[in-house]
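Note that these values count all heavy atoms, side chains included, but never hydrogens, waters or copies made by symmetry.
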Amino acid sequence: MLVLGIESSCDECSAAVVEDGRKILSNNIATQIEIHKEYDGVVPEIASRTHTEWVKGVVESALTEAGTDLAKIDGISVTNRPGLIGSLMVGLSYAKGLSLASGIPFIGIDHILAHLYSARLEHDIEYPFIGLIVSGGHTIISVVRDFDHIEVMGTTIDDACGEAYDKVAKHYGFGYPGGLIIDQMAQKGDDRAFSFPDPSLHKGEHRYDVSYSGLKTAVINQIDQFHNEGYEKSEHNIAASFQKAAITMLMKRLFKASSDTGISRVVAGGGVAANSYLRSMLRDKNNLEVYFPSMELCTDNAAMVAGLGYHYLKRGDRSGFDLSAGSRVEGFRKKYP
Ligand code: KG4
Ligand code: ZN
């Protein structure tokens, strides 16, 4: 079964053709980073307008690259939530138009579930596993029971992890997007230069939650307070110390989620899953079976959307033309083991 995937939830305009939920025939990702760079962040109106200009070309070249055409496509899979509403509307409307004109069925896909599916494009992974989604918009630790079934254990109670990276980078003028830049700067810094606090959210219903707003404030407004004598207050040292605090906070909760549930298989996804410190911390944990998507499949891409869509379409699920786009995470109940 050939599935055409379309992803436009944020600033990546992407289309892909994936065979049987696994074989990537094309994964065309047109990034708007250069456009939003000058604002140090994604400007929603500019993002959606750019999607309207790009989506047709991106879809057509994904079909061409895959050596196919619309007539050979069995289903269309499109992200319809969560994300920037205007951006989502562009991809969703385009998918509906294609479906209506061609008679090919389409299915709306949840972006979080798509990120959790990413690693499965490249690896055989059995359920259940602990899913870790860390991106610019989301930070979620969950038990993943099937492609369409997750139980949320912990989330951020304020900023997303990638958002904290981006805000710290913006404040210090490191560049945009901040995640990769801080990751690279941190390699040259000493993470002992600053001791940033870990919020004590480890009790009751917050056992697996994280919070990045306090860390962001500490790094941006109270930097001197957390400085350790004998270390330079250099930008590289700030980057390294921030990264250590941001990732360690998350890993502690993740390791706890794994040991409390007895599920040692861990699958990561989302832009921050590309982070070198996070990857090495997870890989060093010998008792865990860890899977990451390759770098290109960590950040937003349509291959994960097409791959996940295949499973719904194969089951006979279809979306109607009344399907709307949604900005929020929906349908995942927080559950404590
Ligand atoms: O998944 P994604 O492409 O978009 C969302 O759904 O949010 O993730 C983008 C986020 C940005 O915040 C970016 O700064 C962050 O992922 N990111 C990283 C790295 N590469 C991208 N954060 C930390 N380390 C990286 N290497
Ligand atoms: Zn994403």
Side-chain angles (χ1 to χ4, degrees), residues 1-32 35 44-115 117-118 121 147-148 297 300-327 330:
M1 186 190 268
L2 279 190
V3 176
L4 168 68
I6 301 176
E7 156 67 42
S8 68
S9 66
C10 190
D11 60 336
E12 260 45 87
C13 188
S14 180
V17 178
V18 174
E19 189 176 348
D20 295 338
R22 189 71 191 256
K23 191 171 173 200
I24 302 174
L25 302 182
S26 66
N27 188 22
N28 190 0
I29 307 168
T31 176
Q32 300 180 15
I35 297 172
E45 174 60 21
I46 296 176
S48 53
R49 224 183 301 161
T50 308
H51 283 305
T52 60
E53 287 165 20
W54 289 3
V55 67
K56 183 170 183 281
V58 166
V59 167
E60 284 172 0
S61 58
L63 289 167
T64 308
E65 246 175 74
T68 187
D69 54 48
L70 196 60
K72 300 196 187 82
I73 295 293
D74 301 295
I76 299 166
S77 177
V78 59
T79 306
N80 78 303
R81 68 159 191 279
L84 300 173
I85 199 79
S87 291
L88 286 164
M89 287 293 290
V90 177
L92 179 60
S93 306
Y94 197 79
K96 283 182 185 175
L98 282 182
S99 173
L100 190 62
S102 63
I104 300 168
F106 87 99
I107 185 85
I109 290 294
D110 185 288
H111 186 78
I112 306 288
L113 295 181
H115 270 306
Y117 188 81
S118 260
L121 287 161
F147 69 88
D148 61 348
L297 296 177
D300 292 348
N301 67 88
M304 66 184 188
V305 178
L308 175 60
Y310 160 78
H311 294 273
Y312 287 98
L313 290 160
K314 192 174 73 165
R315 193 168 69 182
D317 291 10
R318 309 280 185 256
S319 290
F321 290 109
D322 58 348
L323 180 72
S324 54
S327 58
E330 257 172 50

Report task. Might you work through the side-chain contact (heavy atoms from CB on, under 4.5 Å) test for D300 and H111, ending with a clear yes or no? Result -> CA-CA 9 Å; D300 292 348; H111 186 78; 3.0 Å; yes
Query raised in the report: Is the closest basic N to carboxylate O distance between R22 and D20 below 4.0 Å?
Result: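 Between D20 and R22 there is no salt bridge, as every charged N stays at least 4.0 Å from the carboxylate O atoms.
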Heavy atoms only: give me the nearest [X]-[Y] pair and the separation to one decimal.
X	Y	answer
S26	A62	OG-O, 2.7 Å
I76	A95	CG2-CB, 3.9 Å
I24	L297	CD1-CD1, 4.1 Å
S77	V3	CB-CG1, 3.7 Å
F321	S99	CZ-OG, 3.7 Å
A16	N27	CB-OD1, 3.6 Å

Rounded to the nearest 0.5 Å, how far does [atom2] of [Y] lie from [atom1] of [X]?
X	Y	atom1	atom2	value
L4	I6	CG	CD1	5.0 Å
L88	S93	CG	OG	10.0 Å
H311	I107	NE2	CD1	12.5 Å
L98	L63	CG	CG	8.0 Å
T68	L25	OG1	CG	8.0 Å
I104	R318	CD1	CZ	11.5 Å

Query raised in the report: Which pairs, with at least one residue in residues 48-76 and sequence neighbours excluded, count as a salt bridge (Lys or Arg N to Asp or Glu O under 4.0 Å)?
Result: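 Every salt bridge (Lys or Arg N to Asp or Glu O under 4.0 Å) pair that includes a residue of residues 48-76, provided the two are not neighbours, is E45-R49, K56-E60, D69-K72.
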Query raised in the report: Testing S14, C13, S87 for side-chain contact (heavy atoms from CB on, under 4.5 Å) with E7, which one passes?
Result: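 Of the listed options, the one satisfying the test is S14.
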A side-chain contact here means heavy atoms from C-beta on lying under 4.5 Å apart; do [X] and [Y] qualify?
X	Y	value
D110	Y117	no
Y312	I109	yes
S8	T79	no
V59	Y94	yes

Report task. Begin with the C-alpha distance, continue with both residues' side-chain angles, and end with the deciding distance and a verdict on side-chain contact (heavy atoms from CB on, under 4.5 Å) for M89 and H51. Result -> CA-CA 10 Å; M89 287 293 290; H51 283 305; over 6 Å; no
Query raised in the report: Any sub-3.5 Å donor-acceptor pair from N28's side-chain atoms to V58's backbone N or O?
Result: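 The answer is yes, because a donor-acceptor pair under 3.5 Å joins these two groups.
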